[in-house]
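Contents: one structure, followed by commentary.
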Amino acid sequence: MDIIAKLRDVSFDELHPNERLKVDSHYLYGTLEESLADRATGAVSDADTQLTKFHGFYQQDDRDLRDDRRHRKLEPLYSFMVRLRLPGGRVSPEQWLTLDDNARRYANGTLRITTRQTFQYHGVFKENLRGHLQALDKAMMDTIAACGDVNRNVICTANPHRSPIHRQVHDLAHEISAHLLPRTRAYHEIFLGEERVAGGPREAEDEVEPLYTQHYLPRKFKVALAIPPENDVDVFAHDVGFIADVQAGELKGFNVCIGGGMGMTHGEPTTFPRLSDIVGYCTPDRVVAVAEAIMLVQRDNGNRHDRKQARLKYTVEALGVDGFRQEVEARLGEALSPARELTLAHNGDRLGWYQGEDGLWHYGLFVQNGRLADSDGGPQLMTGMREIAQAHDGDIVLTTNQNLIITQVPESRREVIDDLLDRYRMTVEATPLRRHAMACVAFPTCGLAMAESERYLPSLIDRLDAIMREAGLADDAIIVRMTGCPNGCARPYLAEIGFVGKTIGRYNLYLGGGFAGERLNKLYRENIDEATILEELTPLIRRYAVEREPGEAFGDFVVRTGIIAPTLAGREFHA
């Protein structure tokens with residue numbers, strides 16, 4: 001039964017309020033034009049705040065200034081976080097210059113690489129939104145569906161220029177993104193100035209959104225494509241994953257995964273992170289159709305009553321893996337083939353210089369927590385990358401580990417890039433621990449943050465690095481990730497050491513994730529401060545240095561020695 005038939009006779013009182021909001025928005029128009037025209041406030045209306053997400057931006061305020069502005073009887077300093085739709089994370093040098101210019105002109109002067117292989121801006125005020133989006137549009141970029149109850153930015157193993165296989169997979173990411181894009185013209189008419197059709201779309205015009213209908217999805221929907229042995233995208237962490245089957249340099253097909261997702265809520269054991277299940281195999285020409293079929297099964301079966309239970313992972317739990325697969329196959333009109341044996345070995349990035357199959361060079365640049373900025377006396381990442389974009393003919397590609405790659409550099413141009421990297425102090429020495437660490441934004445802009453993350457993790461890594469050196473592990477990598485809340489944007493539940501914020505200065509400590517992103521971790525200590533974090537981790541790291549087996553990762557070690565029990569399924573995460 002499709003969503004229209006299923007919801008036709010259901011009272012909106014029985015559903016989450018967001019379900020009425022989506023229908024009443026008339027395909028995401030809402031009253032956004034009126035909200036943008038209201039200069040009495042830096043905010044938009046409550047309903048429009050939800051709708052802006054579908055267009056790629058969140059309303060936020062500077063939480064560092066809340067108390068001061070409250071005392072001065074001022075409203076919070078509202079602004080917007082604006083996120084790009086950038087499937088595969090590739091931009092040209094010309095596009096980079098637009099991104100840089102927009103950051104300086106319309107935002108807070110920095111660029112933030114996200115764990116979904118795209119950029120987001122912070123501090124974009126309401127009066128700057130249209131100018132910002134129109135400049136992106138002129139550079140052939142947009143923010144459509146970068147947030148909201150739709151298919152989000154499609155990610156894939158980084159750098160399409162490494163090999164023909166990488167290019168094929170990158171192109172498939174673009175095809176999925178384009179096919180699953182909402183069709184409403186609201187974004188173009190409200191923000192880009194496209195002429196509006198008289199009266200706008202009629203509520204009953206289901207052809208406006210042939211895939212989404214007026215109801216859209218129950219919650220966000222994420223797709224990732226990985227090329228073994230690399231799992232840089234953490235393919236099992238997403239609603240849908242495709243793992244490439246490459247044989248003798250030819251892309252034969254993909255294993256298909258369903259049901260991953262990172263978010264949960266503290267104190268609510270019915271919410272949990274979950275890794276996806278491999279349910280079959282498809283050929284490259286069927287990838288887009290399979291992605292659509294999975295999305296439509298979620299559209300018609302996802303929980304529209306409780307948003308905390310609305311992600312696809314809970315639909316898989318409700319229907320069962322086999323039941324969900326059967327629904328997908330019914331949509332496809334054919335069965336998925338049996339899955340193949342494909343091995344994923346690690347989830348880090350290639351950093352420094354490496355060569356592609358065509359002989360051109362690529363430089364992987366470490367960007368701590370994804371923040372491109374000019375720091376006093378330190379790296380000048382914003383200015384340096386602007387200079388590189390002006391001197392470089394190849395693309396610049398983002399990674400899901402918040403780093404970037406300067407691609408397609410001929411041997412004769414390597415010295416030019418090296419000189420710019422040195423001039424702007426962009427290649428600071430980073431330990432393996434720091435290179436594998438990730439943090440979400442958290443304070444001061446994220447309204448969901450309970451604790452610091454991006455601003456705090458670097459100093460905690462300093463202290464953990466000292467412990468690693470003392471234990472003789474300075475050259476070893478342990479995956480450390482931190483988020484300021486349990487929503488899991490930096491994928492902390494896959495980390496060997498994960499920190500999830502509970503309140504200011506205090507975190508839940510998780511241990512035991514897999515080095516290749518193949519196993520969830522588990523809660524080890526709850527609501528602890530930095531002193532306790534170091535007290536807990538110091539003896540474990542020392543013990544790991546002495547007792548580990550050859551080649552054994554830290555996450556495997558703490559599971560093997562019984563320090564923490566393995567999480568074998570998402571529903572067992574809280575056990």
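Throughout, numbering of the chain's residues begins at 1 and tracks the sequence.
No side-chain donor-acceptor contact under 3.5 Å links Asn255 to the backbone of Ala339. A donor-acceptor pair under 3.5 Å links the side-chain atoms of Asp48 to the main chain of Thr31, judged by distance alone. Listed for the Lys126 side chain is a donor-acceptor partner under 3.5 Å among the backbone atoms of Ser35. In terms of modelled atom types and a separation under 3.5 Å, the side chain of His215 and the main chain of Glu19 share no donor-acceptor contact. Side-chain atoms of Tyr121 come within 3.5 Å of backbone N or O of Leu99 as a donor-acceptor pair. Without hydrogens or angle criteria, Glu209 side chain to Arg183 main chain gives a donor-acceptor distance under 3.5 Å. A distance-only check finds no donor-acceptor pair linking the side chain of Tyr507 to the backbone of Thr483 [under 3.5 Å]. Side-chain atoms of His238 come within 3.5 Å of backbone atoms of Asp234 as a donor-acceptor pair (strictly under, hydrogens ignored). Within the 3.5 Å criterion, the main-chain N or O of Arg274 finds no donor-acceptor partner in the side chain of Arg571. With hydrogens and angles ignored, the 3.5 Å screen pairs a side-chain donor or acceptor of Thr157 with a backbone N or O of Ile227.
Cys485 and Leu448 make their closest contact through CB-O, 3.4 Å (heavy atoms, listed as atom of the first residue, atom of the second, distance). Residues Tyr493 and Pro486 share a closest heavy-atom pair of OH-O, 2.7 Å. Between Arg304 and Pro218, the shortest heavy-atom distance links the atoms NH2-CD, 3.6 Å. Closest of all the heavy-atom pairs between Ala439 and Ala490 is C-CB, 3.9 Å. Between Ala173 and Pro87, the shortest heavy-atom distance links the atoms O-CB, 4.0 Å. Here the closest heavy-atom approach between residue Thr52 and residue Val44 is recorded as CG2-CG2, 4.3 Å.
In this structure, the side chains of Ile176 and Phe242 come closer than 4.5 Å at one or more pairs of heavy atoms. A heavy-atom distance below 4.5 Å is found between the side chains of Cys147 and Tyr58. His188 is listed as a side-chain neighbour of Ile144, based on a closest heavy-atom distance under 4.5 Å. The side-chain heavy atoms of Asp62 and Ser79, taken from C-beta on, include no pair separated by under 4.5 Å. Considering only heavy atoms from C-beta on, Pro228 comes within 4.5 Å of Ile243 through its side chain. Side chains of Asn153 and Leu86 form a contact here, defined as non-hydrogen atoms less than 4.5 Å apart. For the pair Asn128/Phe80, no side-chain contact is recorded, criterion being any heavy-atom separation below 4.5 Å from C-beta on. With contacts defined as side-chain heavy-atom distances shorter than 4.5 Å, the pair Phe221/Arg299 does not qualify.
Here Thr315 contributes atom OG1 and Asp300 contributes atom CG; the two are 10.5 Å apart, rounded to the nearest 0.5 Å. Here the CD-CG distance, from Gln402 to Leu372, works out to 10.5 Å after rounding to the nearest 0.5 Å. Atom OG1 of Thr115 sits about 11.5 Å away from atom CG of Asn369, to the nearest 0.5 Å. Between the CG atom in Leu172 and the CZ atom in Arg167 there is a gap of 11.5 Å [rounded to 0.5 Å]. To the nearest 0.5 angstrom, Thr270 atom OG1 is 8.0 Å from His574 atom NE2. The OH atom of Tyr29 lies 13.0 Å from the CD atom of Glu34; values are rounded to the nearest 0.5 Å.
For Phe57 and Phe191, the ring centers sit closer than 6.0 Å to each other. Residues Phe272 and Tyr314 bring their aromatic ring centres within 6.0 Å. Taking the six-membered ring for Trp and the full ring otherwise, the centers of His170 and His166 sit at least 6.0 Å from each other.
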Test side chain to side chain contact (heavy atoms under 4.5 Å, CB included) applied to Asn347 and Asp232, step by step:
CA-CA 4 Å; Asn347 61 3; Asp232 55 331; 5.6 Å; no
Apply side chain to side chain contact (heavy atoms under 4.5 Å, CB included) to the pair Leu225 and Val233, showing each step before the final yes or no.
CA-CA 7 Å; Leu225 299 92; Val233 298; over 6 Å; no
Under the side chain to side chain contact (heavy atoms under 4.5 Å, CB included) criterion, do Glu189 and Glu195 qualify, and how do the steps go?
CA-CA 6 Å; Glu189 294 175 5; Glu195 184 176 357; over 6 Å; no
One pair to check against salt bridge (Lys or Arg N to Asp or Glu O under 4.0 Å): Arg325 and Glu329. What are the steps and the verdict?
CA-CA 6 Å; Arg325 187 193 68 248; Glu329 291 173 338; 3.6 Å; yes
Full working for side chain to side chain contact (heavy atoms under 4.5 Å, CB included) between Leu32 and Tyr187:
CA-CA 10 Å; Leu32 275 167; Tyr187 178 92; over 6 Å; no
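Under the 3.5 Å distance criterion, with hydrogens and angles disregarded, no donor-acceptor pair is assigned to the side chains of Thr399 and Asn401. Lys522 and Thr567 share a donor-acceptor pair across their side chains, judged by distance under 3.5 Å alone. At a cut-off of 3.5 Å, with distance as the only test, a side-chain donor of Arg371 or Thr110 sits close to an acceptor on the other residue. Side-chain atoms of Thr114 and Arg83 form no donor-acceptor pair, as typed in the model, at a separation below 3.5 Å.
Between Arg331 and Glu327 no salt bridge is recorded (no basic side-chain N to carboxylate O distance below 4.0 Å). Contact check on Arg219 versus Asp239 returns no salt bridge, with no Lys/Arg side-chain nitrogen under 4.0 Å from an Asp/Glu carboxylate oxygen.
Under the side-chain contact (heavy atoms from CB on, under 4.5 Å) rule, Leu398 has a single partner from Leu404, Leu111, Leu84, Val91, which is Leu404. Just one of Met262, Arg519, Glu518 meets the side-chain contact (heavy atoms from CB on, under 4.5 Å) condition when paired with Leu494; it is Met262.
His132 and Tyr106 have tilted rings, their planes meeting at an angle from 30° to 60° on a 0 to 90° scale.
Around atom CG of Asp285, more than 12 heavy atoms belonging to other residues, nucleotides or ligands sit under 6.0 Å away.
Under the side chain to side chain contact (heavy atoms under 4.5 Å, CB included) criterion, Gln326 pairs with Asp322, not counting sequence neighbours.
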